[in-house]
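A note on names: the letters A, B, ... follow the listed sequences, proteins ahead of strands, and every chain is numbered from 1.
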Number of protein chains: 2
Amino acid sequence: MTWNRPSQDCPVEIALAAISGRWATLVLRDLMHGPRSFSQLREGLPSLSAKVLTERLDSLVAQGLVSCSRSPGFPVRTSYELTPAGMLLRPLLVQLYRTGEALLGELAQH
Amino acid sequence: MTWNRPSQDCPVEIALAAISGRWATLVLRDLMHGPRSFSQLREGLPSLSAKVLTERLDSLVAQGLVSCSRSPGFPVRTSYELTPAGMLLRPLLVQLYRTGEALLGELAQH
DNA sequence: CAGGATCCTAAAAGATACTG
DNA sequence: CAGTATCTTTTAGGATCCTG
């Protein structure tokens with residue numbers, strides 16, 4: 001099936017939603033390396049504000065790509081982790097990188 | 001090399017720029033099938049306004065992914081066509097589709 | 001530690017009407 | 001035919017300060 005407008009049912013849009021938004025691919029890259037706490041993610045991405053990080057994570061959780069667990073006690077510790085669905089994004093991130101490299105090479109010729 | 005913030009130098013961001021913006025992947029899909037005039041693109045995507053189509057095309061041309069030629073005479077005819085660089089986006093679109101399908105399958109399980 | 005609450009600005013998208 | 005010009009609305013992103 002094909003579409004003549006952006007639709008949430010189109011697989012392309014589903015995949016796009018997962019990697020959309022500033023910082024999204026960088027957050028995902030970090031999570032590809034294993035579970036991370038909120039602070040760990042912030043340390044790795046110092047210029048990313050708490051608000052935007054929260055937005056990205058909420059979105060990923062809502063899409064079923066990331067899960068979050070909280071340690072009991074105080075202070076709280078969180079652990080964000082890719083779900084099986086989230087791991088399916090790895091080939092897409094790889095392809096984004098490869099395509100970008102190819103474009104840099106091709107465009108450098110002229 | 002890796003990055004700790006979104007940078008125009010990162011290959012991932014280069015590739016992302018090419019497919020970013022509403023309707024972008026749909027316009028690219030059309031162009032993957034061959035050269036298209038402005039009107040042909042509008043016919044294929046009836047809900048896309050002339051303004052946004054112009055923005056998408058200008059952006060693709062500016063990135064060196066699409067070229068535009070105008071017929072002499074009147075009325076003018078345009079022909080938008082993927083450049084060699086633009087054709088490099090095909091595997092990325094395929095991967096977006098495949099990943100979306102995989103996500104739909106995985107998320108349907110639960 | 002892990003966010004939530006506000007406020008603000010800028011960019012993106014859409015509607016409508018018009019032009020070379 | 002192939003756009004441009006305006007205007008309005010929506011959305012995203014960032015800054016700052018506050019809380020369980």
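- In this structure, the CD atom of B:E55 is 13 Å from the P atom of C:dA11, given to the nearest Å.
- Mapping heavy-atom proximity under 4.0 Å, the span of DNA chain D touched by chain A runs 5' to 3' from D:dG13 to D:dA15.
- B:R42 places a side-chain N or O within 3.5 Å of a backbone atom of B:L48 that can act as its donor or acceptor partner.
- At least one side-chain heavy atom of A:L96 sits less than 4.5 Å from a side-chain heavy atom of A:L93.
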All N/O pairs under 3.5 Å across the protein-nucleotides 15-20 of chain C interface:
none

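- Side chains of A:Q63 and A:S59: a donor on one and an acceptor on the other come within 3.5 Å.
- Per the geometry, CG belonging to B:D58 stands 15 Å off C1' belonging to C:dA12, to the nearest Å.
- Using a 4.5 Å heavy-atom threshold, the side chains of B:L31 and B:E81 count as separate.
- An OP1 or OP2 oxygen of C:dG3 is reached within less than 4.0 angstrom by a side-chain nitrogen or oxygen of A:Y80.
- Backbone-only contact: B:R70 has heavy atoms under 4.0 Å from sugar-phosphate atoms and none from a base.
- Using modelled atom types, no side-chain atom of B:Q95 and backbone atom of B:L92 make a donor-acceptor pair closer than 3.5 Å.
- Side-chain contact between A:L65 and A:L82: absent, with no pair of heavy atoms (C-beta onward) separated by less than 4.5 Å.
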Could you pull out every donor-acceptor pair under 3.5 Å between side chains of residues 10-29 of chain A and any protein atom, sequence neighbours left out?
from, atom 1, to, atom 2, distance (Å)
A:S20, OG, A:L16, O, 2.6
A:R29, NH1, B:W3, O, 3.3
A:R29, NH2, B:W3, O, 2.6

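- Between the side chains of A:R70 and A:T78, no donor N or O sits under 3.5 Å from an acceptor N or O.
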